[in-house]
Amino acid sequence: MKKIADVKALEVLDSRGNPTVCAQVTLNDGARGVAIAPSGASTGAYEAIELRDNDSTRFGGKGVKKAVENINGPIAKALIGLETVEQHIADSIMLELDGTENKENLGANSILAVSMALSRAAAESYKLPLFRYLGGISLRKMPVPMMNILNGGAHASNNVDIQEFMIVPKGAESFGEALRIGSEIYHCLGKILSERGMSTGVGDEGGFAPNISSDREALELICQSIQSAGYDEKTVSLALDVASSEWYQEDKYFMPKRGKYLNSGELIAIMEEYINDFPIISIEDPLSEDDWEGWCAITKRLGDRVRLVGDDLFVTNRRRLKKGIKLKAGNSILIKPNQIGTVSETLEVIELGRKNGYTPIISHRSGESEDTFIADLSVAVGAEFIKSGAPCRSERTSKYNRLIAIENSLIF
Ligand code: PGA
Ligand code: ZN
């Protein structure tokens with residue numbers, strides 16, 4: 001009989017140099033899983049709570065000692081000795097122990113780290129790769145990477161309002177091929193920027209953050225880099241993360257870098273212009289997490305032309321996705337396990353989305369680590385896309401490299 005023998009945690013650093021939670025779960029047969037929780041910057045208002053110490057004498061208040069203590073204390077006490085590795089049983093024990101809707105007592109960072117570490121330990125115990133353990137025998141396909149190569153918004157200090165500009169090599173024949181194409185375009189963009197005397201320093205997700213003057217200029221630069229790498233829109237499409245919840249103030253959108261107020265209708269018209277002029281196949285958070293009316297309007301108007309992806313809108317939350325399904329708001333859902341806090345709830349919301357025609361896009365956070373859980377998750381659920389930043393910086397490429405390994409193990 002499989003049994004949870006030990007649960008432990010440590011405070012480690014994420015890719016921004018901020019503390020985060022690392023958990024380890026050991027089973028009675030010696031199988032062991034380790035996982036690290038990621039952390040967002042442009043977080044949605046309805047996400048599960050990430051517990052931070054707010055003790056200004058350590059890490060500027062960002063320490064996660066309490067979250068770590070929650071694992072070493074009450075979570076360990078509740079899980080050690082459990083005579084099963086069933087994910088949903090262990091996850092519900094943690095949910096019950098926390099007792100809140102948004103996991104504010106134990107912290108979604110501590111619960112998720114344990115939840116993912118348990119999946120890994122169970123996979124090892126069954127001698128299965130994580131994607132196979134999570135996805136079973138009916139594995140479908142490799143995801144297409146959505147690679148963020150240019151940053152604006154809260155992720156950069158330039159004049160670009162949109163947060164992420166991504167390239168999507170959807171015409172590539174394999175994941176490895178898609179990654180090669182992405183890397184070639186990324187380097188062409190770097191070359192174009194440096195020829196123009198612009199900065200080639202990169203933002204949190206590895207994309208460039210040059211000081212350009214507008215969103216449109218960013219789109220033009222990316223199209224040029226696609227061309228100069230020798231590709232066209234049959235092979236490579238674009239995707240945007242507008243992250244517009246950041247702009248929303250009392251029913252209006254304040255575009256901080258344009259210094260302009262817009263209403264939802266005007267913002268939808270801008271999005272329509274962009275998809276008319278550029279090969280955009282997906283727009284994430286074009287409207288705010290509180291603008292359900294705007295979301296319904298954009299879905300009606302553009303939903304049959306592009307994927308309209310709810311990130312801050314749905315926050316990987318079943319209840320919010322159900323509301324979206326009912327209202328016909330959006331047609332895709334971004335999946336970030338730490339927005340909801342357990343592996344089982346993440347799998348449930350993906351299933352709910354799939355049943356209702358919402359494409360799941362598995363996503364990293366802007367604060368990441370060497371943990372590659374989301375790579376395996378994307379294959380396990382047969383996700384069409386994965387978002388893991390630029391083809392640059394190890395916390396981003398670790399996921400892509402894991403997918404290359406998975407792709408090869410599937411072939412051979
Ligand atoms: P975040 O950014 O991790 O800072 O929230 C990523 C995104 O908005 O998709
Ligand atoms: Zn987003």
Side-chain angles (χ1 to χ4, degrees), residues 42 144 146-156 158-171 182 185 189 192 203 205 207-210 212-227 231-248 252-289 291 294-313 329-332 334 359 361 385 387 390:
S42 59
V144 175
M146 286 183 158
M147 288 172 273
N148 172 8
I149 61 168
L150 210 148
N151 290 182
H155 289 177
N158 54 15
N159 279 320
V160 179
D161 280 311
I162 292 178
Q163 181 176 284
E164 295 173 24
F165 295 82
M166 292 167 276
I167 45 172
V168 192
K170 63 171 193 339
I185 295 169
L189 177 59
I192 292 173
E205 296 186 353
F208 297 113
I212 47 181
S213 58
S214 66
D215 295 335
R216 190 168 273 275
E217 189 186 355
L219 286 162
E220 280 160 2
L221 274 169
I222 292 175
C223 288
Q224 271 175 37
S225 59
I226 293 173
Q227 260 177 14
Y231 300 103
D232 61 20
E233 56 189 74
K234 263 192 258 131
T235 312
V236 184
S237 307
L238 305 184
L240 303 177
D241 181 2
V242 182
S244 70
S245 298
E246 301 283 310
W247 309 336
Y248 202 55
K252 282 233 179 308
Y253 292 85
F254 179 67
M255 315 274 280
K257 306 206 175 155
R258 294 184 195 206
K260 228 173 145 179
Y261 282 96
L262 299 176
N263 62 31
S264 323
E266 288 164 326
L267 202 48
I268 294 171
I270 293 179
M271 298 303 140
E272 188 164 20
E273 263 174 44
Y274 290 161
I275 65 172
N276 288 340
D277 297 348
F278 300 97
I280 294 170
I281 57 161
S282 171
I283 307 181
E284 181 180 328
D285 287 345
L287 294 154
S288 146
E289 60 210 351
D291 188 3
W295 268 97
C296 295
I298 197 170
T299 309
K300 222 170 174 184
R301 182 129 151 220
L302 305 176
D304 55 354
R305 295 181 62 192
V306 283
R307 282 173 188 81
L308 296 166
V309 188
D311 171 14
D312 292 347
L313 181 72
N331 55 25
S332 291
L334 204 75
T359 320
I361 300 176
F385 300 103
K387 226 184 113 169

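Judged by distance alone, the side chain of Asn331 and the main-chain N or O of Val306 form a donor-acceptor pair under 3.5 Å. Here the side chain of Thr299 pairs a donor or acceptor atom with the backbone of Trp295 at under 3.5 angstrom. Distance alone, capped at 3.5 Å, is enough to place a donor-acceptor pair between the Glu266 side chain and the Asn263 backbone.
The side chain to side chain contact (heavy atoms under 4.5 Å, CB included) search around Ser213 returns Glu217, not counting sequence neighbours.
Distance check: Ile280 CD1 to Ile275 CD1 gives 7.0 Å after rounding to the nearest 0.5 Å. To the nearest 0.5 angstrom, Glu220 atom CD is 10.0 Å from Ile212 atom CD1. Note that CZ of Phe165 and CG of Asp241 are 10.0 Å apart. Values are rounded to the nearest 0.5 Å. From Ser264, atom OG reaches atom CG of Leu287 across 5.5 Å, with rounding to the nearest 0.5 Å. Considering CG of Leu313 and OG of Ser288, their distance stands at 8.5 Å, rounded to 0.5 Å. In this structure, Met166 CE and Leu238 CG are separated by 10.0 Å, a value rounded to the nearest 0.5 Å.
In this structure the side chain of Arg307 never reaches within 4.5 angstrom of the side chain of Ile283, judged on heavy atoms. Counting only heavy atoms from C-beta outward, the side chains of Glu284 and Val242 never approach each other to under 4.5 Å. With a 4.5 Å cut-off on side-chain heavy atoms, Ser282 and Ser237 do not count as touching. Side chains of Phe208 and Asn151 form no contact here, defined as non-hydrogen atoms less than 4.5 Å apart. Val160 is not listed as a side-chain neighbour of Ser214, based on a closest heavy-atom distance of 4.5 Å or more. Using a 4.5 Å heavy-atom cutoff, the side chains of Lys252 and Leu262 are not in contact. Under the 4.5 Å side-chain criterion, counting only non-hydrogen atoms from C-beta, Ile167 is not in contact with Leu189. Using a 4.5 Å heavy-atom cutoff, the side chains of Met271 and Arg301 are not in contact.
Across every non-hydrogen atom of Gly259 and Phe254, the tightest pair is C-CE1, 3.7 Å. Across Ile268 and Gly294, no two heavy atoms sit closer than the pair CD1-O, 3.8 Å. The two residues Met147 and Gly182 have their closest heavy-atom pair at CE-CA, 3.6 Å. Taking all atoms of both residues into account, the shortest heavy-atom contact from Ile281 to Lys170 is CD1-CD, 4.2 Å. Annotation for Asn158 and Ala209: closest pair ND2-C, 3.8 Å, computed over non-hydrogen atoms. The two atoms that bring Ala390 and Gly207 nearest to each other are CB-N, 3.7 Å, heavy atoms only.
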Before you tell me yes or no, could you show the steps for Met255 and Leu267 under side-chain contact (heavy atoms from CB on, under 4.5 Å), namely the whole-Å CA-CA distance, both residues' side-chain angles and the distance that decides it to 0.1 Å? CA-CA 10 Å; Met255 315 274 280; Leu267 202 48; 4.2 Å; yes
Begin with the C-alpha distance, continue with both residues' side-chain angles, and end with the deciding distance and a verdict on side-chain contact (heavy atoms from CB on, under 4.5 Å) for Glu272 and Leu302. CA-CA 7 Å; Glu272 188 164 20; Leu302 305 176; 3.8 Å; yes
Worked check of side-chain contact (heavy atoms from CB on, under 4.5 Å) between Tyr274 and Leu219: CA-CA 9 Å; Tyr274 290 161; Leu219 286 162; 3.9 Å; yes
Do Asp215 and Lys257 pass the salt bridge (Lys or Arg N to Asp or Glu O under 4.0 Å) test, and can you show the C-alpha distance, the side-chain angles, and the key distance before you say yes or no? CA-CA 10 Å; Asp215 295 335; Lys257 306 206 175 155; over 6 Å; no
Going through the distances and angles, do Leu240 and Glu164 end up as a side-chain contact (heavy atoms from CB on, under 4.5 Å)? CA-CA 6 Å; Leu240 303 177; Glu164 295 173 24; over 6 Å; no
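By the 4.0 Å N-to-carboxylate-O rule, Glu205 lies too far from Lys387 to be salt-bridged with it. A salt bridge links Arg216 with Glu273: the closest approach of a Lys/Arg side-chain nitrogen to an acidic carboxylate oxygen falls below 4.0 angstrom.
Ring planes of Tyr248 and Tyr253: tilted class, angle from 30 to 60°.
No side-chain donor-acceptor contact under 3.5 Å links Asp285 and Ser244.
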